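Read through the structure below, which is laid out as structure tokens, and then see the notes.
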Amino acid sequence: MGAAGQEYPDDALGCRVMRATTMLLQTLREAPGDAEAISHQLLARAGFLRRLASGIYSYPPLGFRVLRRLEEIIREEHARIGAEELLLPALHPREVWRASGRDVTMDEVLMRVSARGGDFVLGPTHEEVVTALVDEQVSSYRELPRLVYQIQTKFRDEARPRFGLLRTREFIMKDAYSFDASADGMRATYRAFYDAYCRIFDRCGLPYTPVEALSGAIGGDVNHEFMVPSPIGEDRFASCTACDYAANLEAAETGAPAAPAGASDEGLVEHHTPDAPGIDAVVEHFADRGLTAAGMLKCIAAVDDDGAPVVLLVPGDREARLEGGLRVFDDADFEAHPSLVKGYIGPMGLRERGVRVVADPLVAAGGPWATGANRFEHHVTGATLGRDFDVDEWRSVAVAREADPCPRCGAPLDIVQAVEAGHTFQLGTVYSAGAPGATFVDEDGVEQVMWTGSYGIGVGRLMAVIAESHHDEHGLAWPAEVAPFAVHLLSLGAQRNPEVAERADALHDALVAAGVEVLYDDRDASPGVKFADADLLGIPTQVAIGGKGLARGVAERKDRASGERDEIPLEDVVASLTGRS
RNA sequence: CGGGACGUGGCGCAGCUUGGCAGCGCGCCUGCUUUGGGAGCAGGAGGUCGCGGGUUCGAAUCCCGCCGUCCCGACCA
């Protein structure tokens, strides 16, 4: 055994605690009862994280090393596109959020703090702060573009933290922000970030799909989510089985449906349908006519950006997609528009009453329809497009389903459950033109507004997603680039065999000297315990030194991911692990 | 915020129905024996049974209130 307190050089992560006997690490045979997701169970069992409170986690050294690895990959790829790292305050004067209006729009997730200096917000994101910073320091087009990023803890008062690191109240986030002199510049910068993101996720060993997304509360136009398929995903996206079309289900369109059904001479008939405000109740009422939900026309009343009423039409067995700006009617809206009867809306005569009608193309392919009669407790059957009602605008507003046609090529769509691991936005001038604002003087001496983008990756979430997709029944199996150590060295039976201890100690020292990041399991534990823990921790390469191998002058090596084993002559171990064989 | 479940040593759980010395497995400490895929024996440490109140001679157990945690839903840069 090496002398206690012996000094070793710091490794690449600035850590010299590499012996299991001196590391703050406890593995658990059983997962904590509050861990549901497999990633959460394994990360907790292997000692990568500990829960302090709901959605708040500590990272013991092993987990911290994985975070540092992820950060290093992110730093390298950001450096490649010329982005500079900076650090921003976590504590923001509440006035900053009042000025941008997001104290209202993000009200529910803001964590507020009062202190002697006044009222503060724990930053959930930093667009306002960084925009103000760049505006102060940049005044000329000559200084643009500017690309900056931060890696730091952010806070959101999540309604429901879940699945371990997937959704937490305090989380480590990489956020980047870009400032350009023109829309074209912004688009070029966006492309650079998009490519950097692909490299980052590739290096993390993740199967990912960039999907088109809605922009949500952040605002802006073009944006992509980087999705990793997973059963714990909170999102779903549509993905074409033939071309590269992929979009979040909230944004996914579908192609034109099959040819319209043959003409029918069924007349429009009004029926008394007491106590049947929903699709299910109406279907039951007309059960003897063979009506199904697919034969009903679902009519959703909404209000658009300008406050004007819109009715969306989709088949009754479909969900309607409310695109940006549309808001479903509340009770006050129904009072303001008495011609739209809650629970009994039909498309007939709406245009005449100044209500815009937007229909999914599926509506043209079906019918005649059963639908609301615009009269309390009455529905109609036989409603036919062109005869009984018309449509102002045809648009894909039904939520896509498995096997729906792709909007680009018509091939069937897959629906995939996934985790959003990263998100890139072209913000345009949303923040730079408003408060706090960011402007510069162009080559003609005229003041212009900067064109901006923002680009986020949840670092803790990334760790969970990698664990989710890199494990087996024995434990974790980290991809090489993100593993906490490169090599897990196990001494077997060192207590009773001094030569094993000597050889293992010497090998540990030699590996450290050669710059190999090695975790040395020098505990006085049985071989079974060490093997089981090694498989649980998931360090890519395991090297075992034991009496059996020693007798033949070899160490045994196992590749954690594939399970493949081989033997290496002791004198060749360092060379083979450093790639110099 | 709505629905459901659960809070008992570091971790996993039993005990609660029917009130009567707080238990089991893992982990931890000491000793001996073991030793190539989560060893055995012996001894030991560690718990205000989530918190507060009530009922009772007596409450982990029954009643009331609160807090916390997880799951489903709503929400979600």
Side-chain angles (χ1 to χ4, degrees), chain A residues 24-37 40-41 44-47 50-56 60 97 100 102 105-110 123-128 154-164 166-169 171 173-177 213-220 223 225 232-235 248 250 328 419-425 427 430-431 453-458 461 474-475 490-497 500 521 523-536 542 544-551 554-556 558 563 565 567:
Chain A
L24 182 63
L25 168 67
Q26 185 191 28
T27 58
L28 303 173
R29 194 175 293 210
E30 291 173 285
D34 60 18
E36 174 85 1
H40 187 190
Q41 293 178 7
R45 279 188 57 206
R50 283 284 185 143
R51 190 183 70 83
L52 177 64
S54 178
I56 304 176
W97 287 78
S100 71
R102 289 211 291 179
T105 56
M106 291 184 67
D107 174 67
E108 293 195 350
V109 300
L110 288 185
T125 175
H126 289 72
E127 278 83 6
E128 286 88 348
K154 305 201 176 191
F155 303 85
R156 297 175 67 92
D157 194 6
E158 286 293 343
R160 177 141 98 89
R162 65 178 108 186
F163 295 140
L166 189 70
R167 180 165 293 277
T168 53
R169 297 195 290 179
F171 53 98
M173 187 85 193
K174 188 285 303 181
D175 262 325
Y177 311 90
L214 292 178
S215 48
I218 280 223
N223 73 95
E225 292 168 332
I232 62 167
E234 298 176 309
D235 288 286
N248 190 304
E250 296 168 349
V328 192
V419 171
E420 177 193 340
H423 203 157
T424 54
F425 296 86
L427 292 176
V430 173
Y431 294 97
S454 86
Y455 319 85
I457 292 178
R461 175 181 285 196
H474 301 295
L490 315 177
S491 63
L492 307 179
Q495 290 308 111
R496 68 180 183 287
N497 187 339
V500 169
D521 190 346
R523 295 175 300 171
D524 176 19
S526 73
V529 170
K530 293 192 176 187
F531 285 130
D533 271 351
D535 286 347
L536 179 60
Q542 298 169 13
I545 304 271
K548 271 161 76 173
L550 220 48
V554 298
E556 291 142 84
K558 173 177 155 184
R565 300 159 195 261
E567 296 186 341

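Numbered from 1 within each chain, the chains take letters A, B, ... in sequence-line order. Source: prediction; values computed, not measured.
Contacts of A/Ala44 with the nucleic acid, taken as non-hydrogen atoms under 4.0 Å apart, are absent.
Using atom C1' as the reference point in both B/U56 and B/U18, the two lie 16 Å apart (nearest Å). Comparing the same atom, P, in B/A14 and in B/U8 gives a spacing of 10 Å after rounding to whole Å. Separating the P atom of B/G10 from that of B/U48 is a span of 9 Å, rounded to the nearest Å. Between B/C1 and B/C63, the two C1' atoms lie 28 Å apart (nearest whole Å). If you take atom P in B/C13 and the same atom in B/G52, they sit 25 Å apart, rounded to whole Å. Straight-line distance between the C1' atoms of B/G7 and B/A60: roughly 11 Å, to the nearest whole Å. If you take atom C1' in B/C28 and the same atom in B/G47, they sit 15 Å apart, rounded to whole Å.
In this structure, A/Arg169 does not pair ionically with A/Glu158, as no charged nitrogen and carboxylate oxygen lie closer than 4.0 Å. Using a 4.0 Å cut-off between a side-chain N of Lys or Arg and a carboxylate O of Asp or Glu, A/Glu234 and A/Arg167 qualify as a salt bridge.
Residues A/His423 and A/Asn223 meet the side-chain proximity criterion, which asks for heavy atoms closer than 4.5 Å. Side-chain atoms of A/Arg102 and A/Thr125, non-hydrogen and from C-beta on, do get closer than 4.5 Å to each other. Using a 4.5 Å heavy-atom threshold, the side chains of A/Trp97 and A/Pro124 count as touching. With contacts defined as side-chain heavy-atom distances shorter than 4.5 Å, the pair A/Ser454/A/Phe425 qualifies. Residues A/Arg45 and A/Glu30 fail the side-chain proximity criterion, which asks for heavy atoms closer than 4.5 Å.
Rounded to an integer number of Å, the gap from CZ of A/Phe171 to C1' of B/C76 is 11 Å. Look at CZ on A/Arg102: it is 14 Å from P on B/C76, rounded to the nearest Å. Between the CG atom of A/Asp521 and the P atom of B/G38 there is a distance of 15 Å, given to the nearest Å. Between the CG atom of A/Asp157 and the P atom of B/C1 there is a distance of 10 Å, rounded to whole Å. Distance CZ (A/Arg523) to P (B/G38): 14 Å, rounded to an integer number of Å. For the pair A/Met106 CE and B/C76 P, the interatomic distance rounds to 11 Å; values are reported in whole Å. For the pair A/Arg50 CZ and B/G10 P, the computed distance is 10 Å after rounding to whole Å.
Under the rule for a side-chain hydrogen bond (donor to acceptor under 3.5 Å, both in side chains), the partners of A/Gln26 that lie at least two apart in sequence or sit in another chain are A/Arg50.
In this structure, A/Glu108 places its CD atom where only 12 or fewer heavy-atom neighbours from other residues, nucleotides or ligands lie under 6.0 Å away.
Under the Watson-Crick or G-U wobble criterion, with both distances below 3.5 Å, B/A39 is paired with B/U33. Nucleotide B/C28 has B/G44 as its partner under the Watson-Crick or G-U criteria, with both atom distances under 3.5 Å. Pairing partner, B/G9: none, since no Watson-Crick or wobble contact has both distances short of 3.5 Å. Look at B/C51: its Watson-Crick or wobble partner, with both distances under 3.5 angstrom, is B/G65. In this structure, B/A60 forms no base pair with any nucleotide, since neither Watson-Crick nor G-U wobble geometry is met with both distances under 3.5 Å. Base pairing analysis places B/C70 opposite B/G4; the two distances defining the Watson-Crick or G-U wobble pair are each below 3.5 Å. B/A22 is unpaired under the criterion used here, namely a Watson-Crick or G-U wobble arrangement in which both key atom distances are under 3.5 Å.
Inspection of the A/Asp175 and A/His126 side chains reveals no N or O donor paired with an N or O acceptor under 3.5 Å. Between A/Gln542 and A/Asp535, the side chains place a donor N or O and an acceptor N or O closer than 3.5 Å (distance only, hydrogens not considered).
Considering all non-hydrogen atoms of both residues, A/Asp34 and A/His40 come closest at O-CE1, 3.9 Å. The two residues A/Ile545 and A/Leu550 make their nearest non-hydrogen contact at CG2-CD1, 4.1 Å.
Checking side-chain atoms of A/Arg461 against main-chain N and O of A/Glu420 turns up a donor-acceptor pair under 3.5 Å. Using modelled atom types, one side-chain atom of A/Gln41 and one backbone atom of A/Glu36 make a donor-acceptor pair closer than 3.5 Å.
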If you look only at distance, which donor and acceptor atoms sit under 3.5 Å apart when one is on a side chain in residues 526-534 of chain A and the other is two or more places apart or in another chain?
| from | atom 1 | to | atom 2 | distance (Å) |
| --- | --- | --- | --- | --- |
| A/Ser526 | OG | A/Val529 | N | 3.4 |
| A/Lys530 | NZ | A/Ser491 | O | 2.6 |
| A/Lys530 | NZ | A/Ser491 | OG | 3.1 |
| A/Lys530 | NZ | A/Asp521 | O | 3.0 |
| A/Lys530 | NZ | A/Arg523 | O | 2.8 |
| A/Asp533 | OD1 | A/Thr27 | OG1 | 3.1 |
| A/Asp533 | OD2 | A/Thr27 | OG1 | 3.4 |
| A/Asp533 | OD2 | A/Arg523 | NH1 | 3.3 |
| A/Asp533 | OD2 | A/Arg523 | NH2 | 3.0 |

Using atom names, set out every protein N or O paired with an N or O of nucleotides 68-74 of chain B below 3.5 Å, distance rounded to 0.1 Å.
| from | atom 1 | to | atom 2 | distance (Å) |
| --- | --- | --- | --- | --- |
| B/U69 | OP1 | A/Ser54 | N | 2.9 |
| B/C70 | OP1 | A/Ser54 | OG | 3.4 |
| B/C70 | OP2 | A/Ser54 | OG | 2.7 |
| B/C72 | OP2 | A/Arg160 | NH1 | 3.1 |
| B/C72 | OP2 | A/Arg160 | NH2 | 2.8 |

Which atoms of nucleotides 22-28 of chain B (N or O only) lie under 3.5 Å from a protein N or O atom, and what are those distances?
| from | atom 1 | to | atom 2 | distance (Å) |
| --- | --- | --- | --- | --- |
| B/G25 | N2 | A/Glu30 | OE1 | 3.3 |

Give every pair of a protein N or O atom and an N or O atom of nucleotides 35-37 of chain B that lie under 3.5 Å apart, one pair per line with the distance.
| from | atom 1 | to | atom 2 | distance (Å) |
| --- | --- | --- | --- | --- |
| B/U35 | O2' | A/Arg496 | NH1 | 3.1 |
| B/U35 | O2' | A/Arg496 | NH2 | 2.7 |
| B/G36 | O2' | A/Lys548 | NZ | 3.1 |
| B/G36 | O6 | A/Gly546 | O | 3.3 |
| B/G36 | O6 | A/Gly547 | N | 3.3 |
| B/G36 | O6 | A/Lys548 | N | 2.8 |
| B/G36 | O6 | A/Gly549 | N | 3.0 |
| B/G36 | N1 | A/Glu556 | OE1 | 3.1 |
| B/G36 | N1 | A/Glu556 | OE2 | 2.7 |
| B/G36 | N2 | A/Glu556 | OE1 | 2.1 |
| B/G36 | N2 | A/Glu556 | OE2 | 3.2 |
| B/G37 | O6 | A/Arg565 | NH1 | 2.9 |
| B/G37 | O6 | A/Arg565 | NH2 | 2.9 |
| B/G37 | N1 | A/Asp535 | OD2 | 3.3 |
| B/G37 | N2 | A/Phe531 | O | 3.3 |
| B/G37 | N2 | A/Asp535 | OD2 | 2.4 |

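In this structure, of B/C76, B/C11, B/C75, it is B/C11 that holds the atom nearest to the side chain of A/Pro32.
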Classify every nucleotide of nucleotides 41-47 of chain B by which part a protein heavy atom approaches to under 4.0 Å, writing B for the base, S for the sugar-phosphate alone and - for neither, in 5'-to-3' order. -------
